[in-house]
Amino acid sequence: MISIAQKEISAPSESLLKQKHPKTHSHYRFQDFFSFDHQIGTINDWNKSRNIFTSEDFIIGLVEGLEEEVGPASSVIMYTIGCHWGLQDSEFFQKWFSAEFNQNIRQSNLLFLLETWWWPFTAQGWGRWEVDMSDRKHGCIFINIFDSAVARTLGDVGKPVCHLYAGLFAGFFGSLVKKPLSCIELQCYSMGETYCKFLLGNPDKIDAAAFWLNEGANARDIQTRLQHGEILR
């Protein structure tokens, strides 16, 4: 089961922990992060965003429905949805981060900032992550997702399926650095891998990575080529 956050709402119900300790940062247990208003049937999270709990059938229906309607273009649609999600969530994140920590995101340590952004996603069922900044000097970041909600649901289908995540990363990070970024999934749990790996960077680097991937390169090959400064000619 995963939770999908909607826009910030007014006068939401609050968890007991938030009522007693509104300034605590250790609030990601299920019973602490979510509050349930049984009278009106709503679920709100710690950051005053309304959530909807969905089953795996929702993901299957969404992916298979798109594939039936538009064929291979479904991956582009899922990526675009993720991009818009990332852009909107970036604005929302900056608001609640500033309110919770009493500082602008530009004043925060980058790794702390990113971990703070992703913790709600983990609480909502979207999986754990690992950000590899070691290749930032080459203009790219690698992101590993463990227990992807999409890949876990669809199972081993022999192809990357986490286009929603790729779009989310492109939209959020692009908004954060205020320049267009792209993202591609290099390996996926749905391809028999143990976790999903994404490459985030400038569009030209992602285009090169996509070409090499189609030519049969794996994630390690692509990382090595980028470290050596290879480009498409």
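Heads up: numbering here begins at 1 and tracks the sequence. Quick note: numbers below take in every heavy atom, side chains included, and nothing from hydrogens, waters or symmetry partners.
- The distance from the CH2 atom of Trp85 to the OG atom of Ser90 is 13.5 Å, given to the nearest 0.5 Å.
- Between the side chain of Gln107 and the main chain of Asn104, a donor-acceptor pair closer than 3.5 Å is present.
- Ring geometry for Phe169 against Phe173 counts as perpendicular: the plane angle is over 60°, on a 0 to 90° scale with 30° as the lower cut.
- Side-chain contact between Leu168 and Trp126: absent, with no pair of heavy atoms (C-beta onward) separated by less than 4.5 Å.
- In this structure a side-chain-to-backbone donor-acceptor pair under 3.5 Å is missing from Asp37 to Gly41.
- Side-chain contact between Cys162 and Phe198: present, with at least one pair of heavy atoms (C-beta onward) separated by less than 4.5 Å.
- Applying the salt bridge (Lys or Arg N to Asp or Glu O under 4.0 Å) test to pairs two or more places apart or on separate chains, those with a residue in residues 59-76 are Glu67-Lys159.
- Proximity of a side-chain donor or acceptor of Asp221 to a complementary backbone N or O of Asn218 within less than 3.5 Å is detected.
- There is a path of hydrophobic side-chain contacts, each under 4.5 Å, that joins Ile60 to Val63.
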Practice item. Could you go through the side chain to side chain contact (heavy atoms under 4.5 Å, CB included) check for Thr42 and Asn51 one step at a time? Key: CA-CA 8 Å; Thr42 58; Asn51 285 242; over 6 Å; no
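- Put simply, the side chain of Leu114 reaches to within 4.5 Å of the side chain of Met133, judged on heavy atoms.
- Using a 4.5 Å heavy-atom threshold, the side chains of Asp32 and Thr24 count as separate.
- Here the closest non-hydrogen pair linking Leu226 and Cys140 is CD1-SG, 4.0 Å.
- Leu62 and Val76 are not part of a single hydrophobic cluster, where members link through side-chain heavy atoms under 4.5 Å apart.
- Linking ILVMFWY side-chain heavy atoms closer than 4.5 Å, directly or via other members, places Leu200 and Ile145 in a single hydrophobic cluster.
- Ring geometry for Phe36 versus Phe53: interplanar angle over 60°, hence perpendicular rather than tilted (30 to 60°).
- The closest donor-acceptor contact from the side chain of Thr224 to the backbone of Arg220 lies under 3.5 Å.
- Within the 4.5 Å cutoff, no side-chain heavy atoms of Pro203 are placed close to those of Ile206.
- Judged by distance alone, the side chains of Glu230 and Trp212 never bring a donor and an acceptor atom under 3.5 Å apart.
- Other residues, nucleotides and ligands contribute more than 12 heavy atoms inside 6.0 Å of the CD atom of Gln103.
- In this structure, Tyr189 and Cys196 have side chains that are in contact, with non-hydrogen atoms separated by less than 4.5 Å.
- Around the NE2 atom of His84, the shell of radius 6.0 Å holds no more than 12 heavy atoms that belong to other residues, nucleotides or ligands.
- The aromatic rings of Trp117 and Phe172 lie parallel to each other, with less than 30° between the two planes, well short of the 60° mark.
- Atom CG of Asn109 is surrounded by more than 12 heavy atoms from other residues, nucleotides or ligands within 6.0 Å.
- Checked by atom type and distance alone, the side chain of Lys205 pairs as donor or acceptor with a backbone atom of His138 at under 3.5 Å.
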Practice item. Give the intermediate values and the outcome of side chain to side chain contact (heavy atoms under 4.5 Å, CB included) for residues Lys197 and Ile143. Key: CA-CA 6 Å; Lys197 181 184 263 319; Ile143 300 172; over 6 Å; no
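- Of all heavy-atom pairs between Cys188 and Pro160, the closest is CB-CA, 3.8 Å.
- Residues Leu186 and Ala219 share a closest heavy-atom pair of CB-CB, 3.9 Å.
- Between Trp118 and Tyr165, the ring planes lie tilted relative to each other; the angle falls in the 30° to 60° range.
- No side-chain N or O of His163 forms a donor-acceptor pair with one of Glu185 less than 3.5 Å apart.
- When all heavy atoms of Ile59 and Val150 are compared, the pair lying nearest together is CG2-CA, 4.2 Å.
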Exercise for review: Would you check, one step at a time, whether the test side chain to side chain contact (heavy atoms under 4.5 Å, CB included) holds for Met191 with Val157?
Suggested key: CA-CA 6 Å; Met191 299 167 63; Val157 296; over 6 Å; no
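- Annotation for Ser190 and Val161: closest pair OG-CG2, 3.3 Å, computed over non-hydrogen atoms.
- Remark: the Ser98 side chain and the Gln94 side chain contain no N/O donor-acceptor pair separated by less than 3.5 Å.
- Between Val131 and Ile141 the shortest side-chain heavy-atom distance falls below 4.5 Å.
- For the pair Ile43/Ile52, no side-chain contact is recorded, criterion being any heavy-atom separation below 4.5 Å from C-beta on.
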Practice item. Given side chain to side chain contact (heavy atoms under 4.5 Å, CB included), test Asn47 with Phe97 step by step and report yes or no. Key: CA-CA 9 Å; Asn47 301 317; Phe97 181 90; over 6 Å; no
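- Not counting sequence neighbours, Trp96 has no partner by the side chain to side chain donor-acceptor pair (under 3.5 Å) test.
- Applying the salt bridge (Lys or Arg N to Asp or Glu O under 4.0 Å) test to pairs two or more places apart or on separate chains, those with a residue in residues 122-148 are Asp147-Arg152.
- Looking at Tyr28, Trp119, Phe121 one by one, the single match for ring pair (Phe, Tyr, Trp, His ring centres under 6.0 Å) with Phe33 turns out to be Tyr28.
- Atom OH of Tyr195 sits about 8.0 Å away from atom CD of Glu193, to the nearest 0.5 Å.
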